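The block underneath contains the structure these notes are about, expressed in structure tokens.
Reckoned from all heavy atoms, side chains included, excluding hydrogens, waters and symmetry mates. None of the values given here were measured: they were computed from a predicted structure.
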Amino acid sequence: QVQLVESGGGLVQAGGSLRLSCATSRRTFSSYAMGWFRQAPGKEREFVAAISSDGANTNQADSVKGRFTISRDNAKRTVYLQMDSLKPEDTAVYYCAADRQTRRLLFQRLADYWGQGTQVTVSS
């Protein structure tokens, strides 16, 4: 079991920035691909971004390209989502995800492990 703990959510005005963090105590963190998903009220959960275990490859949803950046620090066992130029439509609960298979998370957008989520609210 991989326990993931998100932080960094909050309320921000449109055009502002937030950085989400997702940490784990699992020592094998560096062997997992990591990702972020989000779910807005009344909508299905959707893929946001993902990063390979070594950080060399990333993938992002078209809706966030150029605004959001995913990164990771394997020494700190933490993955980040830097969100800039936020829009009201980015309002959602953001979930951290992990999977041992890079292709499965980055391209199939599936994951075996999930965090509890952190709320991001963007006001207009």
Side-chain angles (χ1 to χ4, degrees):
Q1 186 71 14
V2 178
Q3 291 187 327
L4 305 172
V5 180
E6 303 99 333
S7 61
L11 174 64
V12 64
Q13 289 188 333
S17 298
L18 281 175
R19 188 176 80 156
L20 304 183
S21 299
C22 172
T24 180
S25 59
R26 194 165 184 91
R27 294 182 179 181
T28 56
F29 173 79
S30 61
S31 65
Y32 287 82
M34 301 295 297
W36 291 94
F37 292 71
R38 66 186 181 186
Q39 187 168 20
K43 295 187 177 181
E44 293 187 353
R45 187 159 55 188
E46 65 174 0
F47 172 82
V48 176
I51 188 167
S52 59
S53 57
D54 62 0
N57 297 293
T58 62
N59 196 7
Q60 295 171 304
D62 289 343
S63 59
V64 305
K65 281 183 179 177
R67 300 189 300 121
F68 291 11
T69 302
I70 187 170
S71 62
R72 65 189 295 159
D73 185 333
N74 284 346
K76 295 183 178 179
R77 302 172 190 165
T78 301
V79 62
Y80 304 98
L81 185 68
Q82 177 67 42
M83 305 186 295
D84 299 318
S85 302
L86 282 161
K87 304 175 181 179
E89 50 263 45
D90 294 319
T91 295
V93 176
Y94 283 71
Y95 296 91
C96 178
D99 199 276
R100 278 198 169 274
Q101 300 181 47
T102 292
R103 179 170 294 275
R104 188 167 183 263
L105 183 48
L106 266 67
F107 301 110
Q108 295 179 351
R109 301 178 176 183
L110 299 172
D112 280 339
Y113 305 103
W114 298 87
Q116 294 299 307
T118 185
Q119 177 70 47
V120 172
T121 303
V122 185
S123 63
S124 57

Taking the side chain as every heavy atom from C-beta outward, state whether [X] and [Y] have any atom pair closer than 4.5 Å.
X: Leu106; Y: Asn57; value: yes
X: Val12; Y: Thr121; value: no
X: Arg72; Y: Arg77; value: no
X: Leu18; Y: Phe68; value: no
X: Tyr80; Y: Ile70; value: no
X: Phe37; Y: Trp114; value: yes
X: Val120; Y: Met83; value: yes
X: Arg109; Y: Asn59; value: yes

Find out if a path of hydrophobic residues (ILVMFWY) with successive side-chain heavy-atom gaps under 4.5 Å connects Ile51 to Phe47.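 Ile51 and Phe47: separate clusters.
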Does the side chain of Gln60 pick up a donor-acceptor pair with the side chain of Thr58 at under 3.5 Å?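 Short answer, no.
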Kindly state each residue pair satisfying salt bridge (charged side-chain N to carboxylate O under 4.0 Å, His left out) with at least one member in residues 2-15, sequence neighbours excluded.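 For residues 2-15: none.
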Any donor and acceptor pair, going by atom type alone, linking the side chain of Asp84 with main-chain N or O of Gly66 inside 3.5 Å?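 Side chain of Asp84 to backbone of Gly66: no pair is present.
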Please set out all donor-acceptor pairs under 3.5 angstrom arising from side-chain atoms of residues 92-99, sequence neighbours excluded.
unit_1	atom_1	unit_2	atom_2	d
Tyr94	OH	Arg38	NH1	2.9
Tyr94	OH	Asp90	O	2.6
Asp99	OD1	Gln101	N	2.9
Asp99	OD2	Arg104	NH1	2.5
Asp99	OD2	Asp112	N	3.0

For residues 21-31, run the donor-acceptor check on the side chains, cut-off 3.5 Å, and write out each pair with its distance to 0.1 Å, sequence neighbours left out.
unit_1	atom_1	unit_2	atom_2	d
Thr24	OG1	Gln3	O	2.9
Thr24	OG1	Arg26	N	3.1
Arg26	NE	Thr28	OG1	3.2
Arg26	NE	Tyr32	OH	3.2
Arg26	NH1	Gln1	O	2.9
Ser31	OG	Thr28	O	2.6
Ser31	OG	Arg100	NH1	3.3

